[in-house]
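Down below is the structure, laid out as structure tokens.
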Amino acid sequence: MRTRTLGDLTVPAEGLGCMGMSEFYGTGDQQEAERTIQRALDLGITFLDTADMYGPFTNERLVGQAIAGRRDEVVLATKFGNERGEDGSFRGVNGKPDYVRKACDASLSRLGVDVIDLYYQHRVDTTVPVEDTWGALKELVDAGKIRYAGISEAAPETIRRAHAVQPVTAVQTEYSLWTRDPEDDGVLATCAELGIGFVAYSPIGRGFLSGQIRSVDDLAANDFRRRNPRFQGEAFEQNLRLVDRVREIADEKGVTASQLALAWVMAQSDRPGNPAVVPIPGTKRVAYLEENAAAVDIELTDDDLRRLDEAAPVGAAVGDRYPDMSSVHR
């Protein structure tokens, strides 16, 4: 498995997003999820991504159980800031220093580890100066509870302010062939300038770029994508045309559309002016994990990249990324 460097942290060129194993993407299967994590480690996909709010709280426990006995192989990332109750209710975004410290201790306990490799601020709390939140993260680094700190869905100026307090190792934001906002909003350029790595979540467009979702009826009744604007009505139909253009190129190369989408994200690391870019596709099944892992070996030519840029240019996707966009890019 090839590697990339996020700040001073070395990770595999592809990671694994664990969120869907516990919530949001239909019903989970704990045994299959644990097998998927363990198979990922076997394949060299040792960069695992979770968060306290997934489940809530159950995903960290699942990941902790799956890596028990193999902790030294893993680059373990989790997040705080999207505060939820035990009943699953959302309490809002919380960046208060006391909360940061309590959330970290709780995550360490659920994961069953002594230190978190990469601890992200999941969303920016606009009621708390980011310097205060990052002061608490610096304390956690100094205390040896976390090794590196990151931030998710933050605007360039916020990233700069956080970085001035404690080095930002990675910025995590949605990025794929149908979400190319980081190219246009200054986030990728800011990361490159400051020596910060970039972690791309939903690099297969929440599964849409796989080409396997042809109707909203293909999604489980409790799948959160049913509420996503890009999966609704006319937006869905227009976005299908984008997917079909990508799949056509994938067919010509003899790879799946998902693999091509992942290869495109990984190729962004090599574009002039870009930081290291590491996708963390999420899956809860071994078969899809193995399909995704094979994308690491796909070589894209300049012509392939040109055709994909034409098939899915910046702004091509129709609809917002979330039903409520107020908590992103702050």
Can you tell if the side chain of [X] reaches within under 4.5 Å of the side chain of [Y], non-hydrogen atoms only?
X    : Y    : answer
S258 : E291 : yes
Y322 : R227 : no
D297 : M1   : no
D52  : E60  : yes
F47  : V278 : yes
S22  : L62  : yes
E86  : P56  : no
Y148 : V168 : no

Starting from the C-alpha separation in whole Å, work towards a yes-or-no answer on side chain to side chain contact (heavy atoms under 4.5 Å, CB included) for L6 and F198.
CA-CA 7 Å; L6 308 174; F198 185 91; over 6 Å; no

For ring-ring contact (aromatic ring centres under 6.0 Å, His included), just list the numbers for F80 and Y119, CA-CA rounded to whole Å, side-chain angles, deciding distance to a tenth of an Å, and then say yes or no.
CA-CA 8 Å; F80 72 91; Y119 197 41; 5.0 Å; yes

With rounding to the nearest 0.5 angstrom, report the [atom1] to [atom2] distance, [X] to [Y].
X    : Y    : atom1 : atom2 : value
L140 : K145 : CG    : NZ    : 6.5 Å
I213 : N239 : CD1   : CG    : 11.5 Å
T158 : H163 : OG1   : NE2   : 14.0 Å
M19  : K284 : CE    : NZ    : 10.0 Å
L242 : W178 : CG    : CH2   : 8.5 Å
Q166 : E139 : CD    : CD    : 11.0 Å

Above 12 or not: heavy atoms from other molecules or residues under 6.0 Å from [atom1] of [X]?
X    : atom1 : value
K253 : NZ    : yes
D302 : CG    : no
E234 : CD    : yes
D303 : CG    : yes
Y288 : OH    : no

With distance as the sole criterion, is a donor-acceptor pair present between the side chains of [X] and [Y] under 3.5 Å?
X    : Y    : value
Q38  : R35  : no
T179 : D181 : no
E153 : Q172 : no

For the side chain of [X] and the backbone of [Y], is there at least one donor-acceptor N/O pair under 3.5 Å apart?
X    : Y    : answer
S210 : G207 : yes
E32  : V286 : yes
Q259 : T256 : yes
T133 : G95  : yes
T50  : T78  : no
E237 : G233 : no
R226 : L219 : yes
N59  : C18  : yes
T169 : G150 : no
R84  : R91  : no

Apply the test side chain to side chain contact (heavy atoms under 4.5 Å, CB included) to residues Y120 and I151: give CA-CA distance (whole Å), side-chain angles for both, the deciding distance (0.1 Å), then the verdict.
CA-CA 5 Å; Y120 290 101; I151 196 166; 5.7 Å; no

Find out if a path of hydrophobic residues (ILVMFWY) with successive side-chain heavy-atom gaps under 4.5 Å connects [X] to [Y].
X    : Y    : value
L209 : L262 : yes
I146 : L48  : yes
L305 : L260 : yes
I298 : I249 : yes
V100 : F57  : no

Verify side chain to side chain contact (heavy atoms under 4.5 Å, CB included) between R245 and E310, making sure each step is shown before the conclusion.
CA-CA 9 Å; R245 293 194 296 270; E310 292 173 354; over 6 Å; no

Please step through side chain to side chain contact (heavy atoms under 4.5 Å, CB included) for the pair Y175 and Q268, ending with a clear verdict.
CA-CA 11 Å; Y175 187 43; Q268 303 315 299; 3.6 Å; yes

Can you see which heavy atom on [X] is nearest to which on [Y], and at what distance?
X    : Y    : answer
A149 : L118 : C-CD1, 3.8 Å
R330 : D125 : NH1-CA, 4.2 Å
Y201 : R321 : OH-NH1, 3.6 Å
I116 : L76  : CG2-O, 3.8 Å
E14  : I45  : O-CG2, 3.5 Å
V314 : E183 : CG2-OE1, 3.6 Å

Tell me whether the rings of H122 and Y54 are parallel (<30°), tilted (30 to 60°) or perpendicular (>60°).
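The arrangement is perpendicular - the two ring planes meet at more than 60°.
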
Using the ring of each side chain (for Trp, its six-membered ring), is F231 parallel, tilted or perpendicular to F236, with breaks at 30° and 60°?
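Ring orientation of F231 relative to F236: tilted.
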
Can R214 and D244 be said to form a salt bridge (Lys or Arg N to Asp or Glu O under 4.0 Å), step by step?
CA-CA 10 Å; R214 308 301 298 179; D244 290 340; 2.9 Å; yes

Check the pair E193, R160 against salt bridge (Lys or Arg N to Asp or Glu O under 4.0 Å), reporting the backbone distance first and the verdict last.
CA-CA 10 Å; E193 177 192 339; R160 291 180 186 280; 2.7 Å; yes

Is K96 salt-bridged to D132, going by a charged N under 4.0 Å from an acidic O?
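Salt bridge: no.
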
With salt bridge (Lys or Arg N to Asp or Glu O under 4.0 Å) as the criterion, how do D309 and R306 come out once you've worked through the C-alpha distance, each side chain's angles and the decisive distance to 0.1 Å?
CA-CA 5 Å; D309 283 343; R306 178 190 58 76; over 6 Å; no

W134 ring centre to R161 NZ or CZ under 6.0 Å, with the angle to the axis within 45°?
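The answer is no, since R161 fails at least one limit relative to W134.
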
Determine, step by step, whether R39 and E290 satisfy the salt bridge (Lys or Arg N to Asp or Glu O under 4.0 Å) criterion, reporting the C-alpha distance in whole Å, the side-chain angles of both residues, the deciding distance to 0.1 Å, and the verdict.
CA-CA 8 Å; R39 179 60 177 149; E290 292 176 341; 2.8 Å; yes

